[in-house]
Amino acid sequence: MTHDPAEHHNNPSPRQTAPKADAERGQPLYLEGLNPPQREAVLKVEGPLLVLAGAGTGKTRVLTTRIGHLIASGHVRHPSQILAVTFTNKAAREMQERTSRLLGHPVEGLWIGTFHAICVRILRRNAELAGLNSNFTILDTDDQIRLLKQLLAAENIDDKRWPARILASLIDRWKNRALSPEQLPGDETQAFANGLGGKLYAAYQARLQTLNACDFGDLLLHVIRLFQKHPDILAQYHRQFRYILVDEYQDTNVAQYLWLRLLAQNTGGAQPAKHNICCVGDDDQSIYGWRGAEVGNILRFSQDFPGAEVVRLEQNYRSTGHILGAASALIAANEGRLGKTLWTDAGNGEPVRVSGVWDAPEEARAIGDEIESLQTKGHGLNDIAILVRAGFQTREFEERLITLGLPYRVVGGPRFYERAEIRDAMAYLRVIAQPSDDLAFERIINVPKRGLGSAALQKLHGVARQHSLPLTRAARHPDLMDQLRPQARRSLTGLMDDFDRWREALATENHAHVTEMVLEESGYTGMWQQDKSPDAPGRLDNLKELVTAIGEFENLAGFLEHIALVMDNDENDEREKVSVMTLHSAKGLEFDTVFLPGWEEGIFPNQRSLDEAGLKALEEERRLAYVGLTRARQRAHIFFAGNRQVFGQWQASLPSRFLDDLPVTHVETDTAQGLYGNSNRAARGGWGSGSWGDADDSFADMANTAPYEAKQDVSYGDDKYGPGWKRAQSQLQKTHKRRAPVLTQKAETTRTVSPFAVGERVFHDKFGYGTVEDVEGTKLLIRFDKAGDKRVMDQFVKSADTV
DNA sequence: TTAAAATCGCTGGTC
DNA sequence: GCGATTTTAA
């Protein structure tokens, strides 16, 4: 997916070449085609180095070339002396692959991975020192929340008023700051449930310990404590890691920063102290503050690592001049930047386009149409992306793309292992691998239904607590047997016997085969076979896929770890598709054409962020806008809608303040749709004001009898300053107040009864044949033969016998 | 204990 | 406007 921009522009030759010295120039081939700062970033291997890499300046190329250089030039005796840390598995994979490609052979032994994956590796080796068994379980957010719910219940705290996931995010934030329960500042322990926050955090940690489990935050914290308490172990890693590389340094949180400092700051001893740490990042692309990232880390780098050098990569190989111009002006409105000036020698290209539309559906229609027209002009769908601020916005585009028959992918949708059936199957395996995994056991004790409901579970918990036993042990306890009804008793001992048998089978048989056996004998697959719901077959397919995936691992434990830390949706479908995703998940990617819908106050900048963190959040939102714009190679097209449904309610919206920051010289209003008519932003002193005045024509179809006469009551054109948003916005507000009823009228005059009847056979371009299950006005619930149940507007289906 | 009905609350997201 | 969760009825 991600392409190295430099690959397209300044180094067309294949790079499979082995790194032998170019005799004539006396330098390794892999340095060819690097610009001077890039080269410096690769060659400066000793001492701390910060590489400030602007968007599209060849950051990944520098990182991989640097690793290749360390290996090829003999700076390290073995790749395992290099530690390369990333934030995502994808980035780690990409770096591994590209380093191998650069060197011409697979690189083995390199320590490359996410912070968490590397921590697990260190922690498994030294688990006892952290009070864990080396086969500890890694809990995901789901497990975490269920555990916290139990703790809240135990403390008699109303989880309506104090929801478990709020506590979870609180604990998460503490862990991001590397704070253990006893280190919490006094006032922060008060943060939850009238002062019980700190106590609950401590209880949670204690519970994790007894469960032999870690959450994601713990992985880092345990390793930090380990290093702090056992200098000998830290020294061992100091000896091993001669060179440390960090990707996306601007995204590190306090815990990750401490972790890196411990590893990078070899404080002496027999070995000479060296801080060979190279951090690559871009303060302008710091968009994870809400997740605990500290931009301060990158801003402070030179103080933290004395003698640090800073290299700036500023030549952009990705975007056109207009796109860079607009993006640079936008980000310049932020304060507290390290400062970079991106430039390109690739020419100006097309200006960034900005279009105002009436409402969200029209926005989707406009983008859909434009994609179709790009497609007819021969543009590949893979090179087109729609980047939204928030996940829920993807829906309107999905619907539109489906009706247009344009294939698309939603990046960052629900993941394979987040599906219920996968988590259920995993729970079985977890109990087999680790009988004390109470959370897993609880999940499947009555799945499929075996008559062990809440009553039985409560008794089980009682006995377990009384005797301090894991649930699976308590399940055999005579005390419990006395309490349960015969039926439940039989059912529970049967299940326990099953687990014993499966555990034995695992010792002798292939683990993939055992998995199949477990799913079959537990009645789990049977449960889905019985299930009449249309997604049941899909779930069975997923289970099959799970078994296949397990087969690819050496053992069950290896698989369980993989799924917790690494597994993501692998797209094996090769077809060309439009990408739809959030701005956050677009970071690091690039596309020829980028659509940026929803640039409206409240949505972007996001109101919730602003409420939480004020100006700091506004700057982060602006960086997000910057990230969005700089994803585009050739074309960026921004949209804002005047009306949008929020939680099912129509609401008027105002153009985003970020539009103010876009300089006139790099932006063009969308005249193609006639939205702006003869208005010209430069001449009229603010395209926003002009745009709505001329809106009548284009919205004529929506506003049948629009009582809207903007031209009469809006006077402008004498504005000498830049975009006159403030005024435009106040006009818009008036406008919307009067326009709102028009929508209602429209809804009332629209046909409300569908020509289709329940039971009728229909055909849909995308979903194929199906039967109408329900009719609600013009909306149909259709049970498709292949695609399952969908809600579809009747206009998108035809009667089956007319096809 | 289970299934249907009603209510709630949300929608920035990696590991 | 939807899905998850909780409440209610059987």
Side-chain angles (χ1 to χ4, degrees), chain A residues 85-92 113-120 138-142 144-146 149 159-160 163-166 169 172 175-176 214-220 247-248 251-253 255-256 287-293 360 387-396 399 411-415 417-418 420 446 448-458 485 487-488 491 561-569 581-588 598 602-613 617 620-621 623-625 627-628 644-650 776 779 791:
Chain A
V85 208
T86 63
F87 276 86
T88 63
N89 290 299
K90 202 172 141 208
T114 60
F115 278 98
H116 295 89
I118 286 167
C119 283
V120 171
I138 300 163
L139 299 189
D140 59 23
T141 334
D142 223 61
Q144 222 183 104
I145 286 174
R146 263 176 323 128
K149 269 194 183 146
D159 71 346
K160 277 262 170 58
R165 49 176 193 81
I166 301 289
S169 66
D172 226 46
K175 288 186 175 174
N176 284 339
C214 281
D215 62 22
F216 288 122
D218 283 336
L219 295 175
L220 267 132
D247 191 17
E248 307 279 15
D251 289 338
T252 50
N253 59 34
Q256 286 153 342
I287 53 175
Y288 285 111
W290 48 273
R291 205 166 73 185
L387 308 182
V388 296
R389 175 62 184 87
F392 73 93
Q393 290 172 270
T394 60
R395 213 184 64 214
E396 75 179 89
E399 283 170 7
V411 179
R415 300 147 156 258
Y417 65 82
E418 276 168 6
N446 201 28
K449 302 265 186 290
R450 25 176 100 82
L452 297 167
S454 58
L457 189 61
Q458 217 166 3
R485 284 187 296 188
Q487 208 183 327
S491 186
E561 178 166 320
H562 173 82
I563 207 139
L565 276 178
V566 182
M567 188 127 175
D568 47 5
N569 310 17
M581 68 186 105
T582 63
L583 288 160
H584 281 94
S585 42
K587 187 159 79 137
I603 290 187
F604 194 32
N606 177 281
Q607 192 56 49
R608 216 170 98 200
S609 306
L610 262 40
D611 292 345
E612 271 166 30
E620 183 157 310
E621 294 284 307
R623 289 195 290 267
L624 198 50
V627 166
R644 191 174 289 275
Q645 249 177 329
V646 183
F647 299 137
Q649 293 287 102
W650 279 102
E776 281 169 34
K779 267 198 241 163
R791 286 187 188 282

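A note on names: the letters A, B, ... follow the listed sequences, proteins ahead of strands, and every chain is numbered from 1.
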Upstream residue (5' side of DNA chain B) when A:Gly648 and A:Ala455 are each assigned their closest nucleotide: A:Ala455
Rounded distance (Å) that lies between atom P of B:dT2 and atom CZ of A:Arg450: 11 Å
Gap between atoms CD and C1', on A:Gln487 and B:dT2 respectively (whole Å): 14 Å
Selection from B:dG13, B:dC15, C:dG1 that lies nearest to any side-chain heavy atom of A:Arg395: C:dG1
Phosphate contact (B:dT2 OP1 or OP2) by A:Asn446 side-chain N/O below 4.0 Å: yes
Which nucleotide in B:dT14, B:dT2, B:dG13 has an atom nearest any side-chain atom of A:Thr582: B:dG13
Residue closer to the 5' end of DNA chain B, A:Thr114 versus A:Leu452 (nearest nucleotide): A:Leu452
Considering all heavy atoms, the nearest A:Ala91-A:Asp247 contact: CB-OD2, 4.2 Å
Nucleotide B:dC15, atom P - distance to CG of A:Leu219 in whole Å: 13 Å
Backbone N/O of A:Asn253 and side chain of A:Gln256: donor-acceptor pair under 3.5 Å: yes
Pair A:Asp172 + A:Arg291: basic N to acidic O under 4.0 Å: no
Closest to the A:Ser454 side chain, choosing from B:dT1, C:dG1, B:dC15: B:dT1
Spacing of A:Ile563 atom CD1 and A:Ile138 atom CD1 [to the nearest 0.5 Å]: 11.5 Å
Interatomic distance where CG belongs to A:Asp215 and P belongs to B:dT14 [whole Å]: 17 Å
Identify all pairs in which a protein N or O lies below 3.5 Å from an N or O of nucleotides 3-10 of chain B, and state each distance.
| from | atom 1 | to | atom 2 | distance (Å) |
| --- | --- | --- | --- | --- |
| B:dC10 | OP1 | A:Arg165 | NH2 | 3.1 |

Test item: side-chain donor near acceptor, A:Asp611 and A:Gln607, under 3.5 Å: yes
A:Trp290, nearest nucleotide to its side chain (from B:dT14, B:dG13, C:dG1): B:dG13
Under 3.5 Å: donor-acceptor pair, side chain of A:Asp215, backbone of A:Leu139: no
Value rounded to 0.5 Å, distance of CD in A:Glu396 from CD in A:Gln393: 7.0 Å
Touch class at under 4.0 angstrom, heavy-atom based, for A:Glu620 against every strand present: nothing
Sugar-phosphate, base or nothing in reach of A:Gly451, heavy atoms under 4.0 Å: sugar-phosphate
Within 6.0 Å of CD in A:Gln487, more than 12 heavy atoms from elsewhere: no
Protein-nucleotide distance (A:Arg389, atom CZ; B:dG13, atom C1'), rounded to Å: 10 Å
Value in whole Å for how far the C1' atom of B:dC15 lies from CZ of A:Phe87: 10 Å
Sugar-phosphate only, base, or nothing, as touched by A:Asp251 at under 4.0 Å among non-hydrogen atoms: nothing
Whole angstrom value for the distance that separates P of C:dG1 from CD of A:Glu396: 13 Å
Distance below 4.0 Å between A:Asn89 side-chain N/O and B:dC15 OP1 or OP2: yes
Sugar-phosphate, base or nothing in reach of A:Gln645, heavy atoms under 4.0 Å: sugar-phosphate
Under 4.0 angstrom between A:Ser585 side-chain N/O and B:dG13 OP1 or OP2: no
Whole-Å gap separating P (C:dG1) and CH2 (A:Trp650): 9 Å
Shortest side-chain distance from A:Arg291, nucleotide among B:dC15, B:dT2, B:dG13: B:dG13
